[in-house]
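Only one structure is covered here, and it is reproduced in the block below.
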Amino acid sequence: MAGKLVCSIVTLVMALCMAACASGGAIPYTEDPPTARDIDGLYSRLDRAVAPQSFIKAQDLGEVVYGNFKAPVRLYSIFNRSGFKYRVFLSGGIHGNEPGGVETLARFIEYLARNPALYGNVSFEIVPLTNPWGWAHDVRYNRDGIDINRDLAPQRSQEARIIAGYLKESRYDLMIDDHEDPSASGFYIYQYAMPSQDLSRKVIAAVRAGGLPIEQNVNMVILKTDDGLIDAPMWGLWYMRATNQIGVPNYSRLYNSDNVYTVETSTRLDYEDRLAVHQKARQIILDRLTAK
Ligand SMILES: [Zn+2]
């Protein structure tokens, strides 16, 4: 019995080590991989969308610089339309080879810009692209080979310093980090030290009802989702903090919010289907928040 318990704890700790996609780092890149995506195009598109609306402000939190490569980490703040009640932070693109997270947030910014009356009691702070170099080159890591989503504690990377510097001492009613998983075959969601699985189960049920697969095994046999849900306990977050492995959601749950989720879609599935899943998950979680 004791052996089984220890085994369960070891399994859970290893699962947490893998939280939010696969883990590890890479050696620093000595040459840039081919350019896969256009950062200026993305920001120009968003700037055009938000320009007519005075309730959306774009602000550069910092600039990521590698030699001749320079790109901002840009925040879009959508606020104070009727005196907001809830403060929400949304982020994506910390892993550059997970394009759905960036695109779903870009579309959500455009959607809010076109529909000023929506979520009028919510103040959104949205960072669609946390790792611009990685996204531009379709690479998970930054140019130094650092997995930024393991770097929020040591903050060796420029990108982690930028995002942690912004989040510092802020409190949010909800935070969602959008990811994708090249190794997974279906949808899954992380929640962090939450009192109930009810809302995550509702999101999973909605994805299943839409006909898309729910992840049962994330990447490795040892990291088992429970029918699409990884439910991280608080002691596991502190373990990750103590071992210098926390990413944005873990950091956020410890320091910024009691209500944090990571949404994961499989990059093996149709792109538009993945984007629909991110949108659906966000909508269900936001609806629960704003119904309070
Ligand atoms: Zn990821």
Side-chain angles (χ1 to χ4, degrees), residues 14-26 33 36-37 42 64 73 89-106 108 126-153 156-157 159-160 162-164 167 175-192 200 203 207 214-215 217-220 223 225 228-232 236-237 240 245-253 260-269 271 273-275 277-279 281-282 285:
M14 293 189 73
L16 285 162
C17 290
M18 301 293 292
C21 319
S23 69
R37 301 184 189 94
L42 174 72
V64 175
V73 175
F89 183 84
L90 306 175
S91 54
I94 200 167
H95 293 139
N97 61 339
E98 302 171 10
V102 178
E103 180 61 23
T104 188
L105 291 174
F108 190 59
I126 305 176
V127 177
L129 179 53
T130 309
N131 177 9
W133 183 89
W135 182 79
H137 298 96
D138 198 32
V139 168
R140 174 182 175 86
Y141 310 101
N142 73 1
R143 199 178 193 282
D144 293 328
I146 295 172
D147 187 335
I148 305 161
N149 210 34
R150 299 291 178 278
D151 193 43
L152 269 284
R156 297 168 299 153
S157 65
E159 299 87 348
I162 290 170
I163 203 75
L167 291 176
M175 304 178 82
I176 304 174
D177 200 22
D178 284 306
H179 283 250
E180 298 203 279
D181 189 337
S183 302
S185 56
F187 169 81
Y188 60 106
I189 186 168
Y190 291 89
Q191 65 176 46
Y192 302 87
S200 292
V203 172
V207 174
I214 304 303
E215 180 63 39
N217 285 287
V218 179
N219 199 9
M220 293 182 180
L223 203 173
T225 43
L229 174 60
I230 295 179
D231 187 355
L237 302 183
M240 295 291 281
Q245 298 180 85
I246 54 172
V248 167
N250 307 44
Y251 182 95
S252 301
R253 179 61 184 87
V260 180
Y261 296 88
T262 301
V263 174
E264 297 265 4
T265 47
S266 165
T267 53
R268 298 175 187 176
L269 301 178
Y271 190 46
D273 285 347
R274 288 144 51 195
L275 295 174
V277 165
H278 280 280
Q279 192 275 333
R282 182 169 52 242
I285 295 170

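In this chain, numbering begins with 1 at the start of the sequence shown. Counting convention: from 1, in listed order, for ligands and their atoms alike. Atoms considered below: every heavy atom in the structure, side chains included; atoms not considered: hydrogens, waters and symmetry mates.
- A donor-acceptor pair shorter than 3.5 Å cannot be found between the side chains of D181 and H179.
- Side chains of S157 and D151: a donor-acceptor N/O pair is present below 3.5 angstrom, by distance only.
- Classification of the Y190-Y192 ring pair by plane angle, with boundaries at 30° and 60°, yields parallel.
- Its N, O or S atom nearest to the Zn ion (ligand 1) is what matters here, and for H95 that atom is ND1.
- Of the residues I148, I94, N131, V127, the one that meets the side chain to side chain contact (heavy atoms under 4.5 Å, CB included) test with I163 is V127.
- Here E180 does not reach the Zn ion (ligand 1): none of its N/O/S atoms is less than 2.8 Å from the metal.
- Within H179, ND1 is the N, O or S atom that lies nearest to the Zn ion (ligand 1).
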